[in-house]
*Asks:* 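Here it is: the structure, laid out below.
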Amino acid sequence: MATPPPTATHAPAPLPTVELSSGVIEYATYGPADSPHPPIVFVHGAVVDHRLWEPVARLLAERGFRCLVPLMPLGSHRIPLGPGADRSPRGMGRLLREFVDRFDLSTATLVANDSGGAITQFALDDDPRFVSRLLFTNCDAFDLFPPQPFRLYFALMRNRLLLKPLAEAMRIRALRHSALGVGLLLNDPDPELTGSVFAPLQTDARIRDDFIAFLRGISPAELATITPRMSGVDLPVRLVWGRDDRCFTPAHGRRLAAAFPGGAPFVEVPGARTFVSLDQPGVVADQIVELTVGDLTSP
């Protein structure tokens, strides 16, 4: 039987850009520029883009919140940083802090997921008050950076000769929706979305070089020293955790919550996995509103 052709995918629409000291990045915005509420900044992880947060950001925009999502250079970005930039996890933390500073977002609530949670911890380690509130969803912490099976997969992708064929293999929907792709991360993958996030790695060697530099900078031992230092982060913090996640289990999330002063509130979300923002966007949006301004009545 002939193998069916790969599913066609479509790149997201062009986004505005900002030039930072590390290079130029894209970013997405949602909601009114003159919102009376504190802004919301979202941080995604590896091989996803701003669309991870889009369902939540659109719900918040309807409630009058201004949301910003920097397109972090983690494999699904379209503008390469190049070898002159610090593309390590700590370097990504500095890039995040510079983005916040450039747009005067120190009053923001920062919401992080997956390896974006590790990047946020690196940023907080350098400046524990660069934002005003923190909401972590399922993410890396301590020496779980990344969890299996992605630790093995990331190790393979550090090899320049292997990364392109591994990325090309993700054109096959059955593979990218398996445990080696996004199968463990969300309940009902959108084939167009899951296909398009791999496109930059498939088509641009400079994007692959950026991603390899990030992967080579990952050190579980280093993050294991960073996470306990979250005890010095004296900000309102909340964790909103997909209960069905087999990569970042609720037990892992509770351990992260305990690292913050007094123990951060921990909210389990039934029916959600790692990408809780896609599985249960309404719950995440409500928790962000409650953390940021208290309980508001939806329009």
*Asks:* Any carboxylate oxygen within less than 4.0 angstrom of a Lys/Arg side-chain nitrogen, looking at D101 and R94?
*Replies:* no

*Asks:* I need the full list of ring-ring contact (aromatic ring centres under 6.0 Å, His included) pairs touching residues 189-237, with sequence neighbours left out, sorted by first then second residue.
*Replies:* none

*Asks:* What's the spacing between D209 CG and I212 CD1 if we round to 0.5 Å?
*Replies:* 5.5 Å

*Asks:* Thinking salt bridges, do R90 and D125 make one under a 4.0 Å N-O criterion?
*Replies:* yes

*Asks:* For the residue pair T274 / N138, report whether a side-chain donor-acceptor contact shorter than 3.5 Å exists.
*Replies:* no

*Asks:* Atom CG in L71, atom NE2 in H44: separation rounded to 0.5 Å?
*Replies:* 4.5 Å

*Asks:* Do S76 and V47 come within less than 4.5 Å of each other through their side chains, counting heavy atoms only?
*Replies:* yes

*Asks:* So which atom in R273 and which in L184 form the shortest heavy-atom distance, rounded to 0.1 Å?
*Replies:* CD-O, 3.5 Å

*Asks:* Can you measure from CD (E98) to CD1 (I25) and round to the nearest 0.5 angstrom?
*Replies:* 8.5 Å

*Asks:* Is R58 salt-bridged to E62, going by a charged N under 4.0 Å from an acidic O?
*Replies:* no

*Asks:* Mind checking the CG-CG spacing from L185 to D114? Nearest 0.5 Å is all I need.
*Replies:* 6.5 Å

*Asks:* So do I218 and F145 actually touch side chain to side chain, heavy atoms under 4.5 Å?
*Replies:* yes

*Asks:* With the side chain counted from C-beta on, respond yes when R133 and L235 share a heavy-atom pair under 4.5 Å apart, and no when they do not.
*Replies:* no

*Asks:* Check whether V111 and L59 end up in the same hydrophobic cluster, where Ile, Leu, Val, Met, Phe, Trp and Tyr are linked by side-chain heavy atoms less than 4.5 Å apart.
*Replies:* no

*Asks:* Sub-3.5 Å donor-acceptor pair from the side chain of T225 to the main-chain atoms of E222, do we have one?
*Replies:* yes

*Asks:* Provide the full list of salt bridge (Lys or Arg N to Asp or Glu O under 4.0 Å) pairs with a residue in residues 135-154, sequence neighbours left out, each pair given once.
*Replies:* none

*Asks:* According to a hydrophobic-cluster definition based on side-chain heavy atoms being under 4.5 Å apart (Ile, Leu, Val, Met, Phe, Trp, Tyr only), do M230 and F266 belong together?
*Replies:* yes

*Asks:* Hey, which of F42, F275, Y27 is the one that makes ring pair (Phe, Tyr, Trp, His ring centres under 6.0 Å) with W53?
*Replies:* F42

*Asks:* Examine L105 and L124 and state if one hydrophobic cluster contains both, with Ile, Leu, Val, Met, Phe, Trp and Tyr joined whenever side-chain heavy atoms are less than 4.5 Å apart.
*Replies:* yes

*Asks:* Please round to the nearest 0.5 Å and tell me the distance separating atom CG of L156 and atom CG of L162.
*Replies:* 6.0 Å

*Asks:* Could you list all the salt bridge (Lys or Arg N to Asp or Glu O under 4.0 Å) pairs where at least one residue sits in residues 258-271, not counting sequence neighbours?
*Replies:* R243-E268, R254-E268

*Asks:* Check T29, V41, I40 against R66 for a side chain to side chain contact (heavy atoms under 4.5 Å, CB included) and give me the one that passes.
*Replies:* T29

*Asks:* Could you report the tightest heavy-atom contact between V237 and F136, atom names first, then the distance?
*Replies:* CG1-CD1, 4.2 Å

*Asks:* Is S277 reaching over with its side chain to a backbone N or O of L52, donor-acceptor style, under 3.5 angstrom?
*Replies:* yes

*Asks:* Hey, does R51 have a side-chain heavy atom less than 4.5 Å from the side chain of S196?
*Replies:* yes

*Asks:* To the nearest 0.5 Å, tell me how far T109 OG1 sits from R238 CZ.
*Replies:* 10.0 Å

*Asks:* Determine the minimum heavy-atom distance between G82 and D210, stating which atoms define it.
*Replies:* N-OD1, 3.1 Å

*Asks:* Quick check: closest heavy atoms across P73 and L81, and the distance to 0.1 Å?
*Replies:* CG-CD1, 3.4 Å

*Asks:* Is the CZ atom of R246 crowded by more than 12 outside heavy atoms at less than 6.0 Å?
*Replies:* no

*Asks:* Looking only at non-hydrogen atoms, find the nearest pair between Q121 and L223 and report the distance.
*Replies:* OE1-CD1, 3.8 Å

*Asks:* Determine whether a donor-acceptor pair (N or O, by modelled atom type, separation under 3.5 Å) exists between the side chain of S115 and the backbone of A118.
*Replies:* no

*Asks:* Answer whether the closest heavy-atom distance between the side chains of D244 and P270 falls below 4.5 Å.
*Replies:* no

*Asks:* Given side chains that start at C-beta, do those of R129 and D234 come closer than 4.5 Å, heavy atoms only?
*Replies:* yes

*Asks:* Are any side-chain N or O atoms of R176 and backbone N or O atoms of P191, one a donor and one an acceptor, separated by less than 3.5 Å?
*Replies:* yes

*Asks:* Kindly determine whether F130 and L110 satisfy side-chain contact (heavy atoms from CB on, under 4.5 Å), including the steps that lead there.
*Replies:* CA-CA 10 Å; F130 79 100; L110 189 145; 3.7 Å; yes

*Asks:* For Q202, does its backbone N or O pair with a side-chain atom of K164 as donor and acceptor, under 3.5 Å?
*Replies:* yes

*Asks:* If only atom types and distance count, is the side chain of R216 paired as donor or acceptor with the main-chain N or O of R158 below 3.5 Å?
*Replies:* yes

*Asks:* Checking T227 side chain against A224 main chain: does a donor-acceptor pair fall under 3.5 Å?
*Replies:* no

*Asks:* If every non-hydrogen atom of M72 is compared with every non-hydrogen atom of H77, which pair is closest and at what distance?
*Replies:* O-CB, 3.8 Å

*Asks:* Under 4.5 Å between side-chain heavy atoms, counting indirect links through other Ile/Leu/Val/Met/Phe/Trp/Tyr residues: same cluster for F99 and I79 or not?
*Replies:* no

*Asks:* Taking side chain as C-beta onward, heavy atoms only, is L166 less than 4.5 Å from Y153?
*Replies:* yes

*Asks:* Side-chain heavy atoms under 4.5 angstrom apart, residues restricted to Ile, Leu, Val, Met, Phe, Trp, Tyr: same cluster for L15 and L68?
*Replies:* no

*Asks:* So, R78 and D49, do they make that salt bridge, N to O below 4.0 Å?
*Replies:* no

*Asks:* Using modelled atom types and a 3.5 Å cut-off, is there a donor and acceptor pairing between side-chain atoms of W241 and backbone atoms of H252?
*Replies:* no

*Asks:* Do the non-hydrogen side-chain atoms of R63 and D286 ever get within less than 4.5 Å of each other?
*Replies:* yes

